[in-house]
Every structure is written in structure tokens, then in C-alpha cells.
There are 2 protein chains.
Amino acid sequence: MLNIKDIAKLAGVSPATVSRVINNSANVNEEKRQRVLEVLEQTGYKPNSLARGLLYNKTFTLGVVVPDISNINFSEFVKGIEIEARQNNYNIILMTSGNEPEREVECFEILKEKRVDGIIFAGTILTDRHKLHIDNSTIPFVVFGQDFEYKSLISINIDNIKASYDAVKYLYSKGIKKIAMITGPLWDKAAGYDRYTGFLKASIENGINQRDLIYKEGDFTISSGYEAMKKILKEERVEAVFAANDFMALGAIKYLLDNDVKVPQDIKVVGFDDNPIAKIYTPSLSTVKIDFYRAGVLSVNAIISCINGIEVENKMLLEYEIIERQSSI
Amino acid sequence: MLNIKDIAKLAGVSPATVSRVINNSANVNEEKRQRVLEVLEQTGYKPNSLARGLLYNKTFTLGVVVPDISNINFSEFVKGIEIEARQNNYNIILMTSGNEPEREVECFEILKEKRVDGIIFAGTILTDRHKLHIDNSTIPFVVFGQDFEYKSLISINIDNIKASYDAVKYLYSKGIKKIAMITGPLWDKAAGYDRYTGFLKASIENGINQRDLIYKEGDFTISSGYEAMKKILKEERVEAVFAANDFMALGAIKYLLDNDVKVPQDIKVVGFDDNPIAKIYTPSLSTVKIDFYRAGVLSVNAIISCINGIEVENKMLLEYEIIERQSSI
DNA sequence: TTGTATGCGTTATCAA
DNA sequence: TTGATAACGCATACAA
């Protein structure tokens, strides 16, 4: 591939002059500038960003670590990141961790080698090795989806407790008395425990005794929603079910329909996430909509500010919206 | 951030010795090696990949250009790419084009500046500017999803004609006589025109006159499937519908159910893609399953071979599978 | 076995 | 206005 010296030779000037033309530096003789531009055009020359990066100690590249890019939430998130990053002249190196902590740390190490200017990280846990890495690194970090409360780590979060609380309150406001929940794994603080906590809070506020709370733990899959619904119905006749994500909600609906329970006439169902399926399914699914695309945009803005040494809030909360559809009318 | 000289000083050796230790080069005094390793461990030093890249003219980075990462097909594709690339010590720079040709070319230019070792490109069209870029570039290209038949461009494709032909044949094999198709935009050669061609071929083989062919053009959205189904039913009472993707198939089903036409009893429906929704929907949707994850893996293998100067087939076809579900039983 | 010097491609500094 | 030179961090050829 051609370098700046080749261009200089072809244009009959020095490399410095070529560099000046490329970077729109003043003080270049107009005739020479034209000659250089012509050669640039003809050859399709592109400066080597490695050399530039080495010089400036800056790569205009962000590292992005997500558990699974084929999960619609994360692909929306990454879409927001990529588009916003590009607007700001940055590119992204995408890495997936499969939610394995060791792989996450491995990602950090690779990204450090690649000298990315910042890292956007979506994970579920913060081990000592994570912390060690963040401490030893001068690279700005933005964490999405979990409030790790670690030093001044910048984080962008969903207010899971409040969103879940609002969703349950919405059901109570329809005059329903008996609401069950299908939770995620409770060790997952954000999407598991916090969403359960919101349900707990709303229930207590509506006069339910904590020991009478009806809930089953699922693992965010459709089949776990199906099974949880089965267990709930065996124990008690509820009027509504709130699930910690849409997949489990759909699994629950499937079980209900399979057993001739009408949704929403007999039992109302509300999910969480606003997965594209929620809108399409029959009955369409009421849910809590989180704007992951926007989360991506905010993450990029935060990290770029951070890179440029601009102070930025280190805890940001994402808006959400309760969307009412057929499953809870 | 520390560099190799800093490490050398801390360990009391020369930078060259540190380099030798890092690269497991022979001929290093064991005691010094240990000393260096210790410093490396303590400092968490990582060599600057920009400097290395500059030296070797190699970045171990692949560029990936897809229309839209939030489309499940492409996110599966990218997932396969990322995982397989990592297995081979490569990382990926992900870029999205929104299917806009100018933005695609822009992506190529940026990736050239970043000196990626290869580019994996999923697009729908090959303009002169694309060609110019590919011609002027020494970077290996792998194209996914379209058979552009340009020079010796390596491409990985779905055999859309055959897959579509097989899907329609499958319907005929059930004794059905009147099959309509909802096509994609016919200017899109792969998912539009080719899938139509397969339908045409299978229909003619089953004694249909080409001018009696029933089909409506959609744009791959649910609503266009809904509208197309409406138009088809106005014109003719068909026994089955084949749609060029699952979304349009679901739109068609929605229209049928809304109008008290039973699926599959009255009309059978088959889609294309095996979108996750297909399995979940009621009735679950028969479809043509394409393994996009595998396409990603194949793309990476092809491009890495190419990078290493290993000869590789320049036309590869992806397997597919007709999946029978409730909508066509 | 070890260290010094060189070059990868670019830009900033300085001298002309 | 221009060009020669040094520097970014690394690995290697070569000298010791």
C-alpha cells in the first residue's frame, strides 16, 4: 500500500508538504496543493491510522463488550453505539463475552492492547479481576445495565425497581387483586432481583402480606415462563401475571392458551423489554419498553466526554414506558 | 501507559530483552527472563498493537459491514464472525450501512485507513464506486448474501432459487394446487428476484401456466405481507401462500386470522428465514431455515485463508432446511 | 546471551 | 513556503 513518501515523490514535493495538504494546514503553495490533491485522488491514498495513532496516542476506536450480540436488546444497544460513534468519527471493536466473567476480562486485555480510547461494557457482575483491570487501566469505562457502585465508574442504567413497580401498579390500578410474578434469576441484581423488588414494593403498597406473595423464578427463556406459569396455576388462581421479560411472558401466555385460559379475559399478562415479538404476537403483549438504542447513544456520549476530559454525571437513568396492548386490556 | 523501555528499566535489562521475553524468543538468560516476567506481571503491561501493526503491516482486525445489526439475521451473522474471528486471534470493527451504497463505500474507506486485514461485506448492490474501491484495494473482500459475479470476489451465498423452489415444491407435494407468493422487491436480486424465480420454476413444473401465476410484491415488512394477502384474496381463492420472508408470512397470517380464514386448515403458509418469532407464533410458522451464524463462521475462515495467501473457493453456498410447523401441516 | 541501532508511516518542530 | 529530522513503541538485524 502506498505511503506518504510515495505520494510525495509522485507529486514532486516533500512528505511534509503532503501531510500539510492532507491536514488542511495553511501555508502551502496553491499550485503544489493542487498537484498533491491530484495525486491523492488518482492513487486513492489513505493515511495509515496506525502511524497516526502511535503518534497521537489515540485511535478513535471504542471497545464494546456485550454478552450476546444476537440478543435484540444488545443488538439495538450496539446499533445505537455504532451510529452515534460514527457521528463522532469513532469506530467500534465489538466483542462478545457470553456473560462469562473470564472472557470479559480477556476482552478488556485485548482492547487495552489495541489501545482503544474507551470501553463500553455491558455485563452482569463485577469480580475482583474486573476491578483490578479497571483500576490498573487508564482507559475510560462506561458500564451499562448494572449499577456496580464501584468508585466513580460511569454507569447507564434502567431503574429496574421503579419500572417494575410501575408495571405492577398499573395492573393493580385495573382493580386486580391477585398478581403473580415470574422473576428472572434472583442472583442477577438488575433484571432479576431489582425487578422482583419492584413487584414486592407495589404488592405491599396494595395491602398484600409479603408472605402471601406469589412468584416463581425463571431464567428468561420462553420455556421457563411456560413452566413457571404451570406451577403458579397449580398453586393459586391469579388474575394477572407480570414477567421479568417478554420471553417468559410469552411462555406464560402459551401455557394459558394451551389450557384454555383466556388472555386477557381470564388472566392478564405483562412482560418487560418490548421485544419486537410483543407487538406481533396474538394477543399482543403489554410490556415495559426500554430504549436500548438510546442507551447506546448515551453511552457513546458519556465515554467521548470522558475521553475529552469533560466532566460527566456518573449515574444516568434510562427512561422507560409502560405499553398497554391486548394482553392486559 | 507504560512502554517497553519502562519495563526494561524496571527489570534492569534492555528493551530488546523484554521483547524477547514477551515473544518467547529463545536465548534469554533464565534469571533475567524471570525478572522481566515479574515486572510484566506487576505492571500489567500490554504491548502497543499499533506499533506492532505498523511494523508487521498487519492488525489482526477484520472489518465487518452489514446493513443493520439489529436485524436478527445480521446479528446472528456477526455473532458467528466475532466468535470465529476471536478463535483465530482476530478482532472485528463493526460498521453498519443502513443499506445505503454511499455509506458502504465510506465504510470501506475508513476500514482501509484503519488497515484492517480483510473486509466482510453484506450488501445488496454493487455500484461502480464499490467496484472501484475493491479494485484499488489490496484488502481481501468476502461478500455475503449476493452473488455479484464480479471478478474473483469471494462470495458466500444462499441458493435462493433452489431454496425457494424446494419450499414451493414442498407445498405442491401436499396435494395443493393453487399457491400464491408474496415476494420481496424484485430489484433485490437475492431475496427478491431469486426467491420469486424459484417459485416460478416450481409452479411451471407443476403444470401452472406462467401467466396464471399469482403473486404480489411486498417489502419484507409485516404490514406489506398483510396488504399483499388482502390483495391476493380479493383476486383469487388460493390454498397456500409462500412468502419471501417470515415477517411478510406473519402479516399474511394476521390478515387471514382477522378475516376468519383458518391457518393451516383453509390456507397454508410458509415463510423464509426462520426468524425466532416463527417458532413462537400461534400457529407456529413453517419456513426455510438459513444458518446465518454459520455464514459468519464461513466468512471468517474464507477471509483468513485469503489473508494468509491460501487458495479458497470463491463461491460457497450455504445449506438450508425446510422446517415444517403448524402453519402448513 | 545481550544491547544498540534501524525502520515501520505519520506529523510537529525547527531551520532554511 | 518548504524540507529535513525527530519521535511515537515495537521487533529485528547486527555487533559485541
Side-chain angles (χ1 to χ4, degrees), chain A residues 1-37 39-40 43-61 89 109-117 138-139, chain B residues 1-37 39-40 43-61 89 109-117 138-139:
Chain A
M1 205 165 318
L2 293 175
N3 63 26
I4 202 168
K5 280 187 201 163
D6 299 321
I7 304 299
K9 255 180 227 155
L10 287 169
V13 297
S14 75
T17 299
V18 176
S19 176
R20 281 188 268 260
V21 171
I22 291 171
N23 299 290
N24 291 314
S25 171
N27 302 331
V28 175
N29 175 287
E30 189 51 33
E31 188 202 338
K32 287 193 181 175
R33 154 170 266 116
Q34 287 308 325
R35 227 159 58 210
V36 171
L37 284 174
V39 175
L40 252 27
T43 56
Y45 166 83
K46 289 286 163 201
N48 185 327
S49 74
L50 297 176
R52 276 187 169 167
L54 193 56
L55 202 58
Y56 290 135
N57 199 21
K58 176 148 177 62
T59 54
F60 284 96
T61 304
N89 264 308
E109 306 207 325
I110 294 171
L111 292 171
K112 184 178 179 183
E113 270 195 47
K114 297 253 170 165
R115 295 299 194 265
V116 295
D117 297 331
T138 57
I139 305 176
Chain B
M1 207 167 316
L2 294 174
N3 64 26
I4 203 168
K5 277 187 202 162
D6 299 321
I7 303 300
K9 256 180 224 153
L10 286 170
V13 297
S14 75
T17 299
V18 176
S19 176
R20 281 187 268 259
V21 172
I22 290 171
N23 298 290
N24 292 314
S25 166
N27 301 331
V28 175
N29 175 287
E30 189 52 30
E31 189 203 339
K32 288 192 181 176
R33 156 171 264 118
Q34 287 308 326
R35 227 158 59 211
V36 171
L37 284 174
V39 175
L40 251 29
T43 56
Y45 167 82
K46 289 285 165 202
N48 185 326
S49 75
L50 298 175
R52 276 188 168 162
L54 193 55
L55 203 57
Y56 290 134
N57 200 19
K58 176 151 177 61
T59 54
F60 284 97
T61 303
N89 264 310
E109 306 206 326
I110 293 172
L111 292 172
K112 184 178 180 184
E113 270 195 45
K114 298 252 170 168
R115 295 297 194 265
V116 295
D117 298 330
T138 56
I139 305 177

**Q** With the sugar-phosphate defined as primed atoms, P, OP1 and OP2, and the base as all remaining atoms, what B/S/- string results for nucleotides 7-16 of chain C, 5' to 3', for protein heavy atoms under 4.0 Å?
**A** BBBBSS----
**Q** Examine D/dG3: is either OP1 or OP2 under 4.0 Å from a nitrogen or oxygen in the side chain of A/Thr17? Give yes or no.
**A** yes
**Q** Is any side-chain N or O of B/Ser14 closer than 4.0 Å to OP1 or OP2 of C/dT4?
**A** no
**Q** If you measure from CG on A/Leu54 to OG on A/Ser49, what distance do you get to the nearest 0.5 Å?
**A** 11.0 Å
**Q** Can you tell me how far CZ of A/Arg52 sits from CG of A/Asn23, rounded to the nearest 0.5 angstrom?
**A** 5.0 Å
**Q** Does anything in residues 25-35 of chain B reach DNA chain C, meaning a heavy atom under 4.0 Å, and if so which residues?
**A** B/Asn27, B/Val28, B/Asn29, B/Lys32
**Q** Side chains of B/Leu40 and B/Ile22: does their closest heavy-atom pair fall under 4.5 Å?
**A** yes
**Q** Is there side-chain contact between A/Arg33 and A/Val36, with at least one heavy-atom pair below 4.5 Å?
**A** no
**Q** Any heavy-atom pair between the side chains of B/Tyr45 and B/Asp6 that's under 4.5 Å?
**A** no
**Q** Need the bend value for the helix from C/dT1-D/dA16 to C/dA16-D/dT1: angle between end axes, 5 pairs each end, nearest 10°.
**A** 60°
**Q** Which whole-number value in Å describes the distance from A/Glu113 CD to D/dC10 C1'?
**A** 12 Å
**Q** For residues B/Thr61 and B/Lys114, determine if any side-chain heavy atom of one lies less than 4.5 Å from a side-chain heavy atom of the other.
**A** no
**Q** Is it the case that atom CD in A/Glu31 sees more than 12 heavy atoms from other parts of the structure closer than 6.0 Å?
**A** no
**Q** In the structure I gave you, are the side-chain heavy atoms of B/Lys112 and A/Met1 within less than 4.5 Å of one another anywhere?
**A** yes
**Q** Which residue is it: B/Val18, B/Val21, B/Val39? I am looking for the one with a side-chain contact (heavy atoms from CB on, under 4.5 Å) to B/Val13.
**A** B/Val18
**Q** After noting the C-alpha distance and the side-chain angles of A/Thr43 and A/Ile7, does the key distance pass the side chain to side chain contact (heavy atoms under 4.5 Å, CB included) rule?
**A** CA-CA 8 Å; A/Thr43 56; A/Ile7 304 299; 3.6 Å; yes
